[in-house]
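Convention: sequence-line order gives letters A, B, ...; per-chain numbering from 1.
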2 protein chains.
Amino acid sequence: MPAMKRLNSREIADQLRKKIESGEYLPGSVLPSERELIETYGISSATASKVTGLLKSTGLVESQVGRGVFVRRRTQLIRHAHDRYARHWREAGKAPFRAEVEAQGRAARVEVTDIARLVPEKWVNERLALPIGQEVVRRENTYFVDDHAVQIVNTYIPLSIAADTPLEVAVPGPGGIYAAFEQLGHRLTRMLEEVQARMPRTDEAQRLNASPGTPVLDVLHISYDQDETPMDVSHFVLRGDENVLTYELPTD
Amino acid sequence: MPAMKRLNSREIADQLRKKIESGEYLPGSVLPSERELIETYGISSATASKVTGLLKSTGLVESQVGRGVFVRRRTQLIRHAHDRYARHWREAGKAPFRAEVEAQGRAARVEVTDIARLVPEKWVNERLALPIGQEVVRRENTYFVDDHAVQIVNTYIPLSIAADTPLEVAVPGPGGIYAAFEQLGHRLTRMLEEVQARMPRTDEAQRLNASPGTPVLDVLHISYDQDETPMDVSHFVLRGDENVLTYELPTD
DNA sequence: AAGTGGTCTAGACCACTGC
DNA sequence: CAGTGGTCTAGACCACTTA
């Protein structure tokens, strides 16, 4: 047998990645255990651990202690349509998120985990055009698909708008909070979103049940009424591997 | 002295993170070297290396071999305005990317790294409403800020539209390819973008000079003319830590 | 009880930086 | 040449899963 060149963790990870992409290891199947890698490649356990770490960081595999390292099944994507806040959805009373997920034969659920009056971080006040330190209503939501969290949303609404209205109760009525704004006499005219990609904080990774190494989409949503008054700032944190945001852009 | 509880790499990284966030280590300053960590925390070199690895994966610090581990300066964000493809920009002849970057006092540069006719992957044909296997023109671009790459773009255009036109040369004229489409008699009416977050492939991480652990924004852009004919599919890969995409959403 | 991933130690060597 | 991050070895122990 010819003396094999000693491979490093990067090269071994690349080999495995190619085997996965070529279909040699199918989605859901188990990779060679770290003990096997140690023997077949003549490496130490720390290196073997690094190999699986590299594969995990690309989202290609996931590990379960005591069980093994598994090739990830292609997760079904949740598409957030560009008209997801359009009036016809509010009037139909069925949110696009729910429609999309149920069309995939999966169960959608939105849970309002907290509603409170509080002084938010100052960027919230800035976006809401409120003096720093002024109280707002915060609505904290978690979106579930098949009972696992895929999306965390914090919505901040000026107290002057939300105080003692349906916006301070868990279910503000059919059509959600945007329908409630219109019930209160605000006509929504404009919504902006700012999208970034980043790594989750440890608490977010836990809440989203995401293997560390999965990035998140960080979306800041601001809506305005007919007077250009900001109605709400909503901060979305979505699992990057399960969500697609779609937008339409002006050409004129 | 009370016997210190032996800390693991996570806990040590958390301590350092807090010191950075509290300002004890300022942006640009150097963290204790791994040798110092080994001594002060009584850990091994592998653990010390893991500590810095954890901090790097959150984008908080970056390392330079032979020099040290440095607290990242707050990177200035490049905002991609929601009207970035609007006609007035094409007519002004100065792209929003360039305007944004130069307004920050930094140098913008776009390099066309390749133009070729080829048979693309099949998702390209699908989006362009072309038969699988049909040739297209691919334009490969890299966007630089202060001479480091922040954005990779592959634009695919049906051969029937681009063949023997300015779209096959490096500089299709002022206003870029979208102005060129209109010169050729296509009026752009609609543009869609699909946004995802993911980890970069190794070659992308290299090209973007991103420390592995920094996620990217993956954007698919499709534009249509007055007949709903797809004009181009562009695939953007942006550094997640340096770019913000902004969008306006319909409320009606 | 056997096998798994996860984490760690105590060293070693390498390529690189900066004086 | 001393100091740096990066990678590795050859073990060890732990918590967990599966049977």
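- Following rounding to the nearest Å, Asn8(B) (CG) and dA12(D) (C1') show an atom-to-atom distance of 17 Å.
- Of all nucleotides listed (dT9(D), dG5(D), dG5(C)), dT9(D) comes nearest to the side chain of Ala46(A).
- Atom CD1 in Ile38(B) sits roughly 13 Å away from atom P in dC8(C) (whole-Å rounding).
- Applying the 4.0 Å criterion to OP1 and OP2 of dC16(C), one finds that Arg67(B) has every side-chain N and O outside that range.
- Looking at Ser45(A), its side chain comes within 3.5 Å of the base of dG11(D) through a donor and an acceptor atom.
- Side-chain atoms of Glu34(A) lie closest to dG5(C) of the nucleotides dT17(D), dG5(D), dG5(C).
- Residue Glu62(A) contributes atom CD, which lies 16 Å from atom C1' of dG6(C) at whole-angstrom precision.
- Along DNA chain D, the nucleotide nearest Gln64(A) and the nucleotide nearest Ala48(A) are compared for position; the residue whose nucleotide lies closer to the 5' end is Ala48(A).
- In this structure, the nucleotide among dT9(D), dA12(C), dC8(C) sitting nearest to the side chain of Ser44(A) is dT9(D).
- For Leu37(B) and dG3(D), the CG to P distance is 16 Å, given to the nearest whole Å.
- Nearest nucleotide to the Lys50(B) side chain, out of dC8(C), dC8(D), dG5(D): dC8(C).
- Environment of CD in Glu121(B): sparse, with no more than 12 heavy atoms of neighbouring residues, nucleotides or ligands closer than 6.0 Å.
- The residues Asp14(B) and Lys18(B) are annotated as not salt-bridged, no charged nitrogen and carboxylate oxygen being separated by less than 4.0 angstrom.
- Using a 4.0 Å cut-off between charged side-chain N and carboxylate O, Glu39(A) and Arg35(A) make no salt bridge.
- Taking 4.0 angstrom as the limit, Thr47(B) places a side-chain polar atom (N or O) nearer than this to OP1 or OP2 of dT9(C).
- In this structure, Glu39(B) atom CD and dG3(D) atom C1' are separated by 14 Å, rounded to whole Å.
- In terms of position along DNA chain D, the nucleotide closest to Ser49(B) lies nearer the 5' end than the nucleotide closest to the other residue of the pair Arg35(A) and Ser49(B).
- Residue Ser63(B) places none of its side-chain N or O atoms closer than 4.0 Å to OP1 or OP2 of dG5(D).
- Between the CG atom of Leu55(A) and the C1' atom of dG6(C) there is a distance of 16 Å, rounded to whole Å.
- Each of dG5(C), dT7(C), dT7(D) was ranked by its minimum atom distance to the side chain of Val65(A); first place goes to dG5(C).
- Checked against dT4(C), dT9(C), dT7(C), the side chain of Glu36(A) finds its nearest nucleotide in dT4(C).
- A salt bridge links Arg72(B) with Asp241(B); the closest basic N to acidic carboxylate O contact falls under 4.0 Å.
- At a threshold of 4.0 Å, the pair Glu126(A)-Lys122(A) does not count as salt-bridged, since none of the basic side-chain nitrogens sits closer than that to a carboxylate oxygen.
- The CG-P distance, from Leu7(A) to dC8(D), rounds to 10 Å in whole Å.
- Between Ile43(B) and Ser33(A), the residue anchored closer to the 5' end of DNA chain C is Ser33(A), taking for each the nucleotide with the nearest heavy atom.
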